Amino acid sequence: MTVDNNSSGHAGKIIEWNPDGEPRVPEMPIISFIEGDGIGPDIWAAARPVFDAAVEQAYGGKRRIIWRELPAGEKAQKVFGLKTPLPEDTIKEIARYGVAIKGPLTTPVGGGYRSLNVALRQSLDLYACVRPVRHLPGIPSPLRHPERMNMVIFRENTEDVYAGVEWPAGSSEAGELLELINKLLTDAGSPLLSPECAVGIKPMSESGTRRLVRVAVLHALENGCKSVTLVHKGNIMKYTEGAFRDWGYALAREEFPGQTIAEKELQEKFGGRVPRGRIVIKDRIADAMFQQILLRPEEYDVIATPNLNGDYLSDAAAAQVGGLGMAPGGNLGDKCALFEATHGTAPKYAGQDKVNPGSLILSGVEMLRFLGWKEAAKMIVEALVKTIAQGVVTYDLARQIKGAREVKCSQFGAGVVENIKNAY
Ligand code: NAP
């Protein structure tokens, strides 16, 4: 079931994908959206007019997005009367239309259904979660030099503990696994696990790592970045996170031999100087990386990291450049892309028209760049910065900017639209 929100009367076209993973974008592409739960409807209502205004302003009606709503989350059940919060048709339609944008979806802690977000990323094989962390002028920050932060985090999106392979304590499955594991541990002469344990599995593969690191290196090469840092916890989890590091270095060495250089080879081969045209591949232990992004963010411009590290790191990094209300993202695969903010449904603010739609607006900016509609993307960023410079901000930024005028989510969105219309 889909809801056609195409009030413009224009017939949209499907975005096709080349075999090399490049989208072929028509002038009037159909783009699916999911409003999301909690604050999702508020931020979507504020963000969509911003996208439409920028596209109209940039291309004078020659280009237009034909929006198509897909049901998911609480709305799928409460409004559309569907049985499941993630209908099969929704997944199929996202795959069919190739590019989509969504609000956050609720995942209960503990029992209940599996995370809808994780299910979407896995079913669509959206293996790279890409989260840019950039400081925009005028955005408050706890740092003295937030402008030094300018990185893109590539978080592996389909493996690791997010694969959802776990069993509760006391279940027969956990019991069977513990029995098998304890037999292997006995043979190895290692201490045994308590039979009371819950069990979760952390699968990580060479192919999963290589495709993630590949897109990170390609991004670095295409954007003139200086380095790609593999962030892992390989000192403790040697065969998963440690292997992530080794597979990452191997990928760079084998597929980009003339364009990359491992940090540890710099000294012995090039006297410590980075040869022209090469990016440095380095690695850092995840816990130390949290210190690095606070103290020396300018040394890191592209991060490639397993799923859980990436989740933690991107929220922490976002705090340095305005917080979750300003943190965009996108999930990329080889035949599909789904853009969404870093944050969740913030249920305590649901329906209050209060939160910052900047996160979703900037996710849309990433989507427009991905479509190649760079002029519209640029217009939105400029208008957003101008709105904040005018002292018009939502509660999250208002509490950090002296003298700012706190406005509602919808008013902030309207302010950005106004600045787009007045810009040229
Ligand atoms: P959250 O929804 O990200 O919210 C945590 C806090 O971040 C909020 O209380 C608020 O901080 C701030 N925040 C989030 N979005 C904001 C915005 N647009 N503007 C301003 N501030 C914003 O995290 P959570 O409360 O832990 O998670 C709630 C639900 O979301 C859970 O069910 C979780 O599973 C789900 N989730 C979904 C996704 C997704 O759909 N991709 C991602 C993460 C979490 P203050 O309290 O300081 O104002």
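These numbers come from a predicted model, not from an experiment. Indexing begins at 1, ligand by ligand and atom by atom, following the structure's order.
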Is there at least one pair of N or O atoms, one from Thr342 and one from ligand 1, spaced under 3.5 Å apart?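 For ligand 1, there is no N or O atom that lies under 3.5 Å from one belonging to Thr342.
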So does Glu299 pair up with Lys282, basic N to acidic O under 4.0 Å?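 Answer for the salt bridge query: no.
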What are the atoms of ligand 1, with element, lying closer than 4.0 Å to any heavy atom of Gly325?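 Near Gly325, meaning under 4.0 Å from one of its heavy atoms, ligand 1 has 17 (C), 18 (N), 19 (N), 20 (C).
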Taking only heavy atoms of Thr107 into account, list the atoms of ligand 1 that are under 4.0 Å away from them.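 So the atoms of ligand 1 that pass are 31 (C), 32 (O), 34 (O).
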Taking the six-membered ring for Trp, are Tyr97 and Trp67 closer than 6.0 Å centroid to centroid?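 Between Tyr97 and Trp67, the centre distance exceeds or equals 6.0 Å.
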Answer side chain, backbone, both or neither: which part of Asn356 comes under 4.0 Å from ligand 1, heavy atoms only.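 Within the 4.0 Å criterion, Asn356 contacts ligand 1 through backbone and side-chain atoms alike.
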Checking the N or O distance criterion of under 3.5 Å, is ligand 1 in contact with Leu105?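 Yes, Leu105 has an N/O under 3.5 Å of an N/O on ligand 1.
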Is ligand 1 under 4.0 Å from a heavy atom in the side chain of Arg121, in the backbone, in both, or in neither?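 Only the side chain of Arg121 comes within reach of ligand 1.
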Does Met326 come within less than 4.0 angstrom of ligand 1, counting non-hydrogen atoms of the residue?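 No.
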Check the surroundings of atom OH in Tyr395: do more than 12 heavy atoms from other residues, nucleotides or ligands lie under 6.0 Å from it?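 More than 12 heavy atoms, drawn from other residues, nucleotides or ligands, come within 6.0 Å of this atom.
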Glu254 atom CD, neighbour heavy-atom count above 12 within 6.0 Å: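 Correct, the count exceeds 12.
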Looking at ligand 1, does any of its N/O atoms fall within less than 3.5 Å of an N/O of Gly344?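 Yes, at least one N or O pair falls under 3.5 Å.
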Please indicate whether any nitrogen or oxygen in Lys348 is less than 3.5 Å from any nitrogen or oxygen in ligand 1.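 Yes.
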Salt bridge present between Glu418 and Lys421 (N-O < 4.0 angstrom):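 Salt bridge absent between Glu418 and Lys421.
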Can you tell whether the side chains of Asp311 and Arg155 come within less than 4.0 Å, N to carboxylate O?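 Salt bridge present between Asp311 and Arg155.
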At a non-hydrogen distance cut-off of under 4.0 Å, which region of Ser115 contacts ligand 1 (side chain, backbone, both, or neither)?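 For Ser115, no heavy atom sits under 4.0 Å from ligand 1.
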Best match, Ile34, Leu324, Asp42: closest heavy atom to atom 7 (O) of ligand 1: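 Nearest option to atom 7 (O) of ligand 1, by heavy atoms: Leu324.
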Between Arg284 and Tyr300, is NZ or CZ placed under 6.0 angstrom from the six-membered ring centre and within 45° of the ring axis?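 So Arg284 doesn't make the cation-pi contact.
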Numbering the atoms of ligand 1 from 1, which are under 4.0 Å from a heavy atom of Asn117?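 This gives 37 (C), 38 (C), 39 (C), 40 (O), 41 (N) as the contact atoms.
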Determine whether the side chain, the backbone, both or neither of Asp396 has a heavy atom under 4.0 Å from any heavy atom of ligand 1.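 Within the 4.0 Å criterion, Asp396 contacts ligand 1 through side-chain atoms alone.
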Salt bridge check, Glu156 against Lys202: does any charged N sit closer than 4.0 Å to a carboxylate O?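 Between Glu156 and Lys202 there is no salt bridge, as every charged N stays at least 4.0 Å from the carboxylate O atoms.
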Salt bridge check, Lys75 against Glu69: does any charged N sit closer than 4.0 Å to a carboxylate O?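 Between Lys75 and Glu69 there is a salt bridge, with a charged N closer than 4.0 Å to a carboxylate O.
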Should you measure from each heavy atom of Thr106, which atoms of ligand 1 turn up under 4.0 Å away?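 Every atom of ligand 1 under 4.0 Å from some heavy atom of Thr106: 32 (O).
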